[in-house]
Amino acid sequence: MPLTIATWNINSVRLRQDLVAKLISEHAPDVVCLQETKCPNDAFPTKIFEKLGYGQIAINGQKGYHGVAVLSRRPLQEVVARPFCDMGDSRHIAVDVQGSTGRSVRIHNFYVPAGGDEPDPAINPKFDHKLRFLDEMIAWFGADTPTVAPADGAIILGDLNIAPLEEDVWSHKKLLKVVSHTPVETDGLERVRKALDWVDVVRRDIPPPEKLYTWWSYRSKDWDAADKGRRLDHVWLTPGLSDACDKVEVLREARGWDRPSDHVPIIVRLDI
DNA sequence: ATGGTGGGCGCCCCA
């Protein structure tokens with residue numbers, strides 16, 4: 001039995017718990033990693049997920065903003081919820097999940113800061129925070145490799161809020177000075193990737209020049225026709241684990257669901 | 001043309 005893992009910025013887990021249930025009923029991923037849950041831990045809607053068989057739940061939430069969670073129907077151990085940038089933000093949780101063969105993978109579920117509007121750290125503290133967050137990811141993954149990525153393999157996934165490639169945005173030229181696609185961000189994200197030679201399995205299987213997006217703004221009148229999207233959500237695997245990944249899906253149709261998130265889920269299948 | 005929409009929370013923050 002393969003292990004399937006979904007990641008989705010849900011933009012309020014309480015408001016969209018039925019959409020998570022729809023994802024579960026239609027795709028039955030073993031593990032669902034959520035970002036922007038916007039929900040304190042004691043208010044997390046665990047019951048609906050327990051009823052669906054996803055009784056293994058790890059959450060790092062806060063009131064009003066941010067928040068990450070992992071739902072699983074396979075054995076799960078919470079490893080750490082690491083604070084970044086001394087901000088008290090809930091933007092990371094790491095868990096170990098066991099595949100049916102007994103091999104366990106470590107999943108780092110991230111919600112990287114969006115960074116505000118002005119791409120200048122000197123005048124925009126949110127952009128400065130985003131760049132410092134990337135620096136901390138690089139330092140952590142470089143210095144603490146056995147914890148971050150055990151021998152059996154590890155995954156970074158979630159809303160990284162950066163579209164790294166030219167084909168990850170609707171217009172490379174128009175977005176070069178727009179937060180999410182500026183060179184300082186795409187260079188920073190590439191440095192994170194190189195820290196452990198992570199494999200971007202989504203782009204391995206759906207390579208450029210095909211355009212690929214996971215987010216479309218709510219402000220666009222007709223998101224599908226205009227298609228002014230960005231690929232802000234990612235799934236990276238350590239090299240040894242990437243060989244076991246035999247399928248990736250970006251569920252574009254979820255952007256058209258009733259009262260949707262502005263992000264869509266990505267699902268990967270691991271033959272472990 | 002510098003808006004537009006959507007969420008949480010509470011009279012405004014963030015994406």
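Numbered from 1 within each chain, the chains take letters A, B, ... in sequence-line order.
A tilted orientation is assigned to the rings of A:Phe44 and A:Phe49, their planes being inclined by 30° to 60°. Ring geometry for A:Trp8 versus A:Trp257: interplanar angle over 60°, hence perpendicular rather than tilted (30 to 60°).
Distance CG (A:Asp222) to C1' (B:dG4): 14 Å, rounded to an integer number of Å. Look at CG on A:Leu19: it is 10 Å from P on B:dG7, rounded to the nearest Å. In this structure, A:Lys228 atom NZ and B:dG3 atom P are separated by 17 Å, rounded to whole Å.
In this structure A:Tyr65 satisfies the ring-ring contact (aromatic ring centres under 6.0 Å, His included) test with no other residue, sequence neighbours excluded.
Between A:Arg16 and B:dG6, a side-chain N or O to OP1/OP2 separation shorter than 4.0 Å is absent.
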Under a 4.0 Å heavy-atom criterion, the protein footprint on nucleotides 10-15 of chain B, written with B, S and -, is S--BSB
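Closest approach of A:Lys63 to A:Pro40, counting heavy atoms only: CA-CG, 4.0 Å.
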Using the side chain to side chain contact (heavy atoms under 4.5 Å, CB included) rule, take A:Cys85 and A:Arg91 through it: C-alpha gap first, then chi angles, then the decisive distance, then the call.
-> CA-CA 10 Å; A:Cys85 302; A:Arg91 296 183 178 276; over 6 Å; no
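A:His181 pairs with exactly one of A:Arg230, A:Glu166, A:His172 by the side chain to side chain donor-acceptor pair (under 3.5 Å) rule, that one being A:His172. When each of A:Glu136, A:His108, A:Met137 is tested with A:Arg82 by the rule side-chain contact (heavy atoms from CB on, under 4.5 Å), just one qualifies, namely A:Glu136.
Shown for residues 250-261 of chain A: residues whose heavy atoms fall under 4.0 angstrom of DNA chain B, namely A:Arg259.
Atom C1' of B:dA15 sits at a distance of 14 Å from the matching atom of B:dG4, rounded to the whole Å.
Taking a cutoff of 4.0 Å between a charged side-chain nitrogen and a carboxylate oxygen, A:Asp117 and A:Lys126 do not qualify as a salt bridge.
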